[in-house]
Amino acid sequence: MRSLGLLLAVCAACGSPSKDAPRPSGEAAAPEQAAIADEAPEAAVATPAPQARRLSRDLIKEAGRAELRVGGLFIDAGTVDQHKYSRGGWMSGWGRNALDGETTVARIDGRSAFLDVVLERPAAEVVVRAKGRGSLGLAVGKGGTKKNSLSGEYAVHRYALGKSLPAGRHRIALQGRGAQVDWLWFAETAGQEPPVAEQTTGATLALPAAGSYEFYLIPEAASQLEVATAASSAVQVIAEQDGKAPVVLASSTVETSKPIDLAAFAGSPVRLRFAADGPTQFTRIALTKAAPKASKRQAKPKNVIVLLIDTQRADSFSVVGQSIGAKAYESLIPTSATFRNAYNNENWTKPSIATIDTGLYPDTHGARWRKDRCSKDLVFLSEHLKEQGFATAAMVSNISAGPKFGFNQGWDSFEKTDNAAHAFGRASAWIRERKNDKPFFLYVQTIDPHVPFSVPEGSAEKLFGGSYTGKLGPTFEQSEEDALNEGKLKLTETDSRWLQALYDAEVLYHDEHLGTFLTTLESEGTLADTAFVILNDHGEEFGEHGRWGHGWTVGDVLYRSPLLMHFPGLFPEQTFDEVVEHVDVAPTIVDALGLPAMSAAQGQSLLPLLRSEAPQTGPHSALLYGRPKQRAIRVGDFKLMLQANRSQALYNMKAEPAQKTDVQAKHPIAMRLCEIALGEAVANPRKSERLQDRSELLTIRAEYIDE
């Protein structure tokens, strides 16, 4: 739309008016809890700290992430506001957002499209502004379809629901191929006029009538909230968390001189509701935190080495799990930036490495399946650095990341290597034999933890704690893994421990040769001016989700990464809890080297986060791709998993890393936080454009190899 659409471009979320603050979605409002919301004393106003503070998040600029409720939930189709209800258009029947003259619209691509909505109060009717040919049908859940005739001009269509649509979660299906939808309103009272708004500017957030905006976020430690309005309407700021009573943070008069302490909500999903009993303009809604000590970036690295350990589980190391004794990797931790929640974006080699190399999500680079070959139109990190004058060399042990599939772009030297001894040996030789002093980019991809597991005699027995006499042999072959996945081979607890010992022995064999390589770099004087990055392309499952190997599920063990970035003075020497993803690795390397950015990359440099150099622009999340109809996203402690247009599940990864228990019913606020993050990431993969009013999924078609 345009009138309210202009409003929603700067603000797209709303809750309920003041004292009638609704309960978290899907929960009945217990009388005593309602009383708390009505009568709870205002939260203590934080005394401004003597130290300087800096902007952490400007929520007015993030208004597209909010929900707007003005006499009912309002959805501005064709804008970023829609993505949080349509999964960003992924398998929900919606086409790309568009501008039809002055009207932002969403187009129904097939016969129907759906929206997942959460109503906090019953809706008496659904009001839709749309145009098209034929009719536009509306169905709720498995109920019958109500239809209205469309025309070539935009018109408002009302769908009386008879019995009110109750509060809670609903799937709304709109049926009408090619119909263009401007907006939807789930009116709490039938026959009311739709909300309208005056034009607002990017500096303010306008509430057109009594209602509210609702933002879902995870406050950082020591965060404070600053709110200011330019209206006389009564205003309330309410914080809600799953399983807890709402807390009134401020009421009636909101002043920027009195920041609100959010320490009680730090680290957990919270819904901040900004409600008013009449038209209101918010002039400031911002999170601030203590300003870090000024710290200039020290000398940038001259060179970069990236070590990718194929099939390496992150929990083999102490940052994520319990260390198995990988001394070389562990020795780098105290002087490196490490990550407890780093994620691959795919669960097998080809698409995962293509993302690392290009800074593009799998759906964009397109190299996702067995016979796909990376397009020559892709710009690899190696090509970008070569254009900047770097010597480039790759030592690669997995053919899935070799020339056959297009991974030899941008290299002066590309070698096929065998095990860790061979790969690190060739890498060391290349460094010694260099004829000039040009900066270099060296990529080493090892494959030792990958099936087959074939380790030096006695190494697995040492980890196992003695000899093994079960149904597996001294090695573990691909045929045995296939038999496990086909149900033809069953493992006892002893067999499983032996299989784990074989895998761990491969990890330690690799780590021994990594240690030798690090010694070489130090003796050659190379490590001192070289950024060293370690990561994986995926992990390995040992039956955690009924599968062995990789490429099967969206289980966490397949996506977690042992990401480590080493260059003291640039990468902070600490372990980060924030969720990060591999699509950001290439942009981070380019930024660390002080070079022009990769213009096509959808990821962003992690350095502003690691060094607290810039305000946060949204939730820290990782978008995970699985089989064709699988998607997942990790936000904070929670992981949302989707299966096409059918099932979805939410897991609390901190409370239950094995992700066995679906907690969406108990955590509706965390659920919405994840849905909002997933919708915008799918619709607008480029991180710098997540809040733009469009859905432009650029796909670079992969080449197809006919074997």
Which atom pairs, donor and acceptor, lie under 3.5 Å between side-chain atoms of residues 446-455 and protein residues at least two apart or in another chain?
from   : atom 1 : to     : atom 2 : distance (Å)
Thr446 : OG1    : His510 : NE2    : 2.7
Asp448 : OD1    : Ala420 : N      : 3.1
Asp448 : OD2    : Ala420 : N      : 3.2

Carboxylate-amine/guanidinium contact Arg370 Asp372, below 4.0 Å: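 Looking at Asp372 together with Arg370, the answer is no, because their closest N to O distance does not fall below 4.0 Å.
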
Electrostatic pair Arg631:Asp363 at N-O distance under 4.0 angstrom: yes

For [X], all residues meeting side chain to side chain donor-acceptor pair (under 3.5 Å), sequence neighbours excluded:
X      : answer
Ser605 : Asp591
Ser268 : none
Tyr329 : none
Gln409 : Glu383

Pairs meeting criterion salt bridge (charged side-chain N to carboxylate O under 4.0 Å, His left out) with involvement of residues 419-430, two or more places apart: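 Salt bridge (charged side-chain N to carboxylate O under 4.0 Å, His left out) check on residues 419-430 returns Glu415-Arg426.
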
Within residues 309-332 or reaching into it, pairs that qualify as salt bridge (charged side-chain N to carboxylate O under 4.0 Å, His left out) - sequence neighbours excluded: Arg313-Asp315, Arg313-Glu544

Does [X] have any salt bridge (charged side-chain N to carboxylate O under 4.0 Å, His left out) partners at least two apart in sequence or in another chain, and if so, which?
X      : value
Asp412 : Lys386
Lys488 : Glu486
Asp584 : Lys687
Arg547 : none

Ring geometry between Tyr443 and Phe441 (parallel below 30°, tilted from 30 to 60°, perpendicular above 60°): tilted

Geometric class of the Phe517/Phe532 ring pair [parallel <30°, tilted 30-60°, perpendicular >60°]: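 The arrangement is tilted - the two ring planes meet at 30° to 60°.
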
Pairing donors with acceptors under 3.5 angstrom, does anything connect the side chains of [X] and [Y]?
X      : Y      : result
Tyr468 : Asp495 : yes
Asn485 : Glu481 : no
Tyr625 : Arg368 : no
Thr355 : Glu346 : no
Glu656 : Thr661 : yes
Gln648 : Arg87  : yes

Is the side chain of [X] donor-acceptor paired with the backbone N or O of [Y] at a distance under 3.5 Å, no angle test?
X      : Y      : result
Ser352 : Thr349 : no
Asn347 : Leu558 : no
Asn684 : Arg686 : no

Flag if over 12 foreign heavy atoms under 6.0 Å of NZ, Lys660: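 Yes, because the 6.0 Å sphere around NZ of Lys660 holds more than 12 heavy atoms from other groups.
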
Reference residue Phe339; test ring-ring contact (aromatic ring centres under 6.0 Å, His included); the match among Phe571, Phe317, Phe576: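 Among Phe571, Phe317, Phe576, the one that satisfies the ring-ring contact (aromatic ring centres under 6.0 Å, His included) with Phe339 is Phe576.
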
Pairs flagged by ring-ring contact (aromatic ring centres under 6.0 Å, His included) wherever residues 650-672 is involved - sequence neighbours left out: Phe638-His667

